Peer 1: 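Before anything else, here's the structure in question.
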Amino acid sequence: MTRISRIELTPVAFADPPLLNVVGVHEPFALRTIVQVHTDDGLVGLGETYAADDHLARLAAVAEVLPGLDVFDLNGLRRRVHDALASGGATQVGGMLNLQDPVDVVMSPYEVALLDLQGKQLDRPVVDLLGGAVRDEVPFSAYLFYKWAAHPGGEPGAWGAALDPDGIVRQARTMIDQYGFTAIKLKGGVFEPAQEVEVVRALAAAFPEHKLRIDPNCAWTVETSVRVARELEGVIEYLEDPTPGIEGMAEVARYTKIPLATNMCVIAFAQLKPAVLADAVQVVLSDHHYWGGLRRSQLLGGICDTFGMGLSMHSNSHLGISLAAMTHLAAATPNLTYACDTHYPWKTEDVIKPGVLPFERGSVRVPRGPGLGVELDEDALGKLHEQYLAGGIRKRDDTGYMRTVDPEFTPNTARW
Ligand SMILES: O=C([O-])[C@@H](O)[C@@H](O)[C@H](O)[C@@H](O)C(=O)[O-]
Ligand SMILES: [Mg+2]
């Protein structure tokens, strides 16, 4: 029996371009925590998760109670995470986690690391532990953002500015030429809906064969959402989080044929029943980082299937360990039929050794090496950890950063 001997948690910061969204703009660095789970027989399992300081504190509290756990005991993992958080009073917390299930959020990187270890021990890829591959390559979408050319006071990056239809179409072309994506997602909620509809139409004209989506992160009222949905019927494959809340989404759904998708009003198992009863969403974006890991994301997939909801995949800024985990999960989930989101093309630094996860024709081939099939680059990890220590960012704050440029900026859900 292989048991956990110790845990290493390494917060890292990696360069991120000035991508705009409803709450502000991405800071110069995005944060992640790299989780290394060591075993008594010398194996190391990898996981990746958020790195906000309160999340790091929870991860550290759990790390203390994991030594001795059998790497195959995922139920035991959940119990230990639950008990450690409960004893710290953290199973019900506010802020970012007020709708998410904190046990699922904290458990996730440990579950991924244990699956990596199981795979390494059995010499099988994680996808095989999840039931086997139903697809050998996983399609991802081109995730487009309005963006500035440079961070304030910084050097312009490779992508240039994208603040109008031409800029976004140019960005799409660069990304599609480079990665071969066949689906496109536009992050909206930045400009008036009419401008964003114009952009979607420009994308549809420039890429008539591509599947399109727009996600304004709840920037619109119910009325605006219905109007935009009607305008985009036949143009987009789904409309993601046009308006806040299960009730609001249900109201919009009554007046449009376009499937509504969410990673905002259904982000934990507790919200599935009300959403199904209200017929509020037709597609749920899974995300193993907050649905409790890969196996609980498959459980979500089964529930969506049962209730006739589609399944897609959400992404925040992330590194290669997460990309590998997302790819194994998507490859083993039959009803995950939409191209998954990924921020991966936006990053220029990583903690894994290169070459294992190339995008070809918009897809990532499932790594066949043992476990996740990726290897940590210790030098890169050290460098990105130094960057974390020096950079001073301890929690993502798109709004605070935007206010350094525009002091009047207010993130406003349902503002239009
Ligand atoms: O990175 C961003 O700016 C996105 O807006 C991200 O934070 C969202 O979580 C996400 O991509 C989404 O689909 O809502
Ligand atoms: Mg979204």
Side-chain angles (χ1 to χ4, degrees), residues 14-32 49-52 55 95-97 99-100 105 140-148 151 159 162 168 171 175 183-191 196 200 212-220 225 236-245 248-249 252 258-268 271 275 280-291 310-319 322-323 326 338-347 393 395-402 409 411-413:
F14 60 100
D16 203 16
L19 307 178
L20 298 159
N21 60 28
V22 74
V23 293
V25 57
H26 285 211
E27 293 163 275
F29 294 99
L31 307 183
R32 297 297 267 181
T49 180
Y50 317 107
H55 181 56
M96 176 191 94
L97 298 182
L99 283 181
Q100 294 173 340
V105 179
F140 287 86
S141 61
Y143 196 162
L144 311 182
F145 279 81
Y146 289 105
K147 71 179 286 295
W148 296 329
H151 284 286
W159 290 91
I168 291 286
Q171 185 186 94
M175 203 176 267
I184 298 175
K185 164 168 169 170
L186 173 67
K187 172 60 49 175
V190 175
F191 293 107
E196 299 192 349
V200 174
L212 299 179
R213 318 154 184 178
I214 177 167
D215 173 12
N217 283 124
C218 302
W220 305 337
S225 304
I236 54 176
E237 61 174 341
Y238 61 65
L239 175 57
E240 190 172 322
D241 287 309
T243 208
M249 291 283 276
V252 178
I258 295 184
L260 300 187
T262 190
N263 62 274
M264 295 185 78
C265 68
V266 180
I267 54 175
Q271 293 121 33
V281 294
Q282 290 68 51
V283 179
V284 176
L285 280 87
S286 65
D287 182 330
H288 75 268
H289 302 91
Y290 57 77
W291 283 95
L311 189 67
S312 188
M313 193 184 278
H314 167 257
S315 151
N316 273 314
S317 304
H318 66 89
L319 296 169
S322 282
L323 182 64
M326 291 155 75
Y338 291 101
C340 302
D341 288 348
T342 179
H343 282 58
Y344 206 64
W346 291 111
K347 58 132 215 59
I393 300 174
K395 200 181 200 109
R396 177 177 173 176
D397 182 10
D398 295 16
T399 305
Y401 186 48
M402 178 60 104
F409 178 80
N412 213 347
T413 50

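Position 1 is the first residue of the sequence; numbering continues from there. First listed ligand is number 1; within each ligand, the first listed atom is number 1. What you are looking at is a predicted structure, and each value in this text was computed from that prediction instead of being measured.
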Peer 1: Is it the case that D341 and H314 place a side-chain donor and acceptor less than 3.5 Å from each other?
Peer 2: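 The answer is no; no qualifying pair exists.
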Peer 1: Looking at Q171 and F145, would you say the former's side chain and the latter's main chain have a donor-acceptor pair under 3.5 Å?
Peer 2: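 Yes, Q171 side chain to F145 backbone: donor-acceptor pair under 3.5 Å.
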Peer 1: With a 3.5 Å distance limit and no angle check, can you tell me whether T243 reaches the backbone of W220 through a side-chain donor-acceptor pair?
Peer 2: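 Side chain of T243 to backbone of W220: a pair is present.
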Peer 1: Between R213 and E237, is there a salt bridge with N-O shorter than 4.0 Å?
Peer 2: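 Looking at E237 and R213, the cut-off is met.
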Peer 1: Check whether the ring centres of Y238 and Y338 lie less than 6.0 Å apart, and answer yes or no.
Peer 2: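 Under 6.0 Å, so yes.
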Peer 1: I'd like to know if the side chain of D398 pairs up with that of N21 as donor and acceptor (distance under 3.5 Å, no hydrogens or angles considered).
Peer 2: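 Yes - a donor-acceptor pair under 3.5 Å links their side chains.
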Peer 1: Count, excluding waters, the protein N, O or S atoms that are closer to the Mg ion (ligand 2) than 2.8 Å.
Peer 2: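 Total protein N/O/S atoms under 2.8 Å from the Mg ion (ligand 2): 3.
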Peer 1: Is it the case that the side chains of Y146 and K187 hold a donor-acceptor pair, with the cut-off being a distance below 3.5 Å and no angle test?
Peer 2: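 The criterion, which ignores hydrogens and geometry beyond distance, is not satisfied for Y146 and K187.
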Peer 1: Using heavy atoms and a cut-off under 4.0 Å, could you grab the residues that are in contact with ligand 1, chain by chain, numbers ascending?
Peer 2: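 Correct list: N21, H26, Y143, F145, K185, K187, D215, N217, E240, N263, H314, S315, N316, H343, R396.
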Peer 1: Okay, side chain of E27, backbone of R396: is any donor-acceptor separation there less than 3.5 Å?
Peer 2: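 Checked: no pair found.
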Peer 1: Do T49 and H289 have a side chain donor and acceptor closer than 3.5 Å?
Peer 2: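 H289 and T49 do not have a side-chain donor-acceptor pair below 3.5 Å.
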